[in-house]
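Quick caveat: nothing in here was measured; it's all calculated off a predicted structure. Each ligand, and each atom within it, is numbered from 1 in the order the structure gives.
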Amino acid sequence: MPPLLIGSEIYRRSTYGPKHPLAIPRVSTALDLIRALGWMDPARYLDSPMASVEELIRFHTPEYVAALRRAEASQTVDPADRDRHRIGADGNPVYREIFRRPATSAGGVMLAARLTVARGGIVHVPGGGTHHGRADRASGFCYVNDAVLGLLSWLDAGLTNILYVDIDAHHGDGVQDAFHDEARVFTVSVHEGRRWPFTGAAADVAGGQARNFPLAEGASDSDMLAVLEHGILPIVDALRPQAIMLQCGADAILEDPLSRLGMSNQAHWAVVRALMRAAPRFVLLGGGGYNPWSVARCWAGAWGILNGLEPPDRLPEPAEAVLRALTFHRAAGRNPPEHWFTTLADAPRQGPLQEETLALLQNPLPVA
Ligand SMILES: [Zn+2]
């Protein structure tokens with residue numbers, strides 16, 4: 001069965017505000033790039049439905065969902081909702097689509113889970129991956145936790161052995177905590193150790209249902225590949241999961257302004273390649289990523305990997321035009337290097353394994 005792509009036009013021109021790291025276009029650019037590469041078969045593209053309130057309260061509290069809807073309708077937040085639900089606080093602004101956009105991401109991930117239940121298969125949902133969202137509050141730019149809702153859809157459909165892997169630069173805390181006492185879901189996170197939310201230490205196994213691989217600043221492709229081979233794949237072999245969900249945040253890439261990891265997009269694609277056929281069901285999400293060129297190139301290339309398509313050495317003119325049209329009001333946007341416009345694949349960024357990485361992989365904890 002060929003892979004499916006679930007997207008939405010709701011992300012186009014949606015912004016968290018001009019000064020916010022999520023001022024930039026991400027999903028719309030990735031989809032434009034995929035189309036410009038000739039990699040989009042309309043028969044395999046699905047428009048994401050918006051999750052209903054009933055679907056959202058499978059994880060979120062009714063009070064919190066109501067507060068998000070109020071904030072969207074009024075475009076403001078009252079002090080009680082701000083204090084209780086962190087809406088309009090902690091980098092989670094009130095913005096135009098504050099309810100509809102996360103509800104659409106959730107609808108897409110839940111649809112992906114449902115589509116794969118009966119017949120298996122591969123689905124890419126680049127708008128998904130909001131892994132910090134909490135049952136009753138916004139956290140880390142995430143209002144709704146679409147990953148949790150997708151995993152719950154798999155559980156509700158009867159799956160009993162699910163693996164969630166998260167390679168965003170930030171710890172996948174919201175997902176790990178949601179399944180802390182759930183023996184049917186195992187979560188793995190690879191992230192920068194000394195970075196917000198400052199959870200996900202190597203010793204944190206969430207009651208036995210999680211493994212964490214906190215990397216040091218500057219970790220390269222070599223560190224990610226070592227964690228993949230000696231950390232993640234042994235877990236896959238031990239669990240033999242019925243389904244894998246991969247959160248593929250693009251903020252571990254060297255040029256990302258919000259983290260200090262040093263990877264290329266090749267590290268992300270290697271994880272996609274290794275996991276996409278490691279279970280009968282595979283759902284690939286987006287996630288963080290705050291450099292518009294890095295994000296679009298990483299996620300478009302990931303769709304190529306899912307389809308067995310290798311990125312061309314030099315992008316065709318329409319794809320280059322998509323990337324040249326981007327603007328970015330941060331230091332990296334002032335003088336973007338030429339290869340951000342003309343290529344999809346970064347040059348690999350390899351290095352000696354860091355001490356911290358070696359220590360993580362030395363005595364792997366057995367997985368029951
Ligand atoms: Zn992140």
*Asks:* Does Arg35 make a cation-pi contact with Tyr45, if we ask for NZ or CZ under 6.0 Å from the ring centre and within 45° of the axis?
*Replies:*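 Flagged: Arg35 positioned over aromatic ring of Tyr45.
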
*Asks:* Only one of Thr116, Asn161, Thr160 clears side chain to side chain donor-acceptor pair (under 3.5 Å) with Trp154; which?
*Replies:*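 Testing Trp154 for a side chain to side chain donor-acceptor pair (under 3.5 Å) against Thr116, Asn161, Thr160 leaves exactly one candidate, Thr116.
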
*Asks:* Tell me how many protein N, O or S atoms are closer than 2.8 Å to the Zn ion (ligand 1).
*Replies:*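 Those protein atoms number 3 in total.
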
*Asks:* Parallel, tilted or perpendicular: which one describes the rings of Phe341 and Trp293, with boundaries at 30° and 60°?
*Replies:*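 It falls in the perpendicular class, over 60°.
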
*Asks:* Does anything in residues 319-329 pair up under salt bridge (charged side-chain N to carboxylate O under 4.0 Å, His left out), and if so which pairs, sequence neighbours excluded?
*Replies:*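 Every salt bridge (charged side-chain N to carboxylate O under 4.0 Å, His left out) pair that includes a residue of residues 319-329, provided the two are not neighbours, is Arg314-Glu320, Glu320-Arg324, Arg324-Glu338.
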
*Asks:* Run Ser48 and Val125 through side chain to side chain contact (heavy atoms under 4.5 Å, CB included) and show every step you take.
*Replies:* CA-CA 9 Å; Ser48 177; Val125 195; 5.8 Å; no

*Asks:* For residues Tyr164 and Gln176, determine if any side-chain heavy atom of one lies less than 4.5 Å from a side-chain heavy atom of the other.
*Replies:*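 They are not in side-chain contact.
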
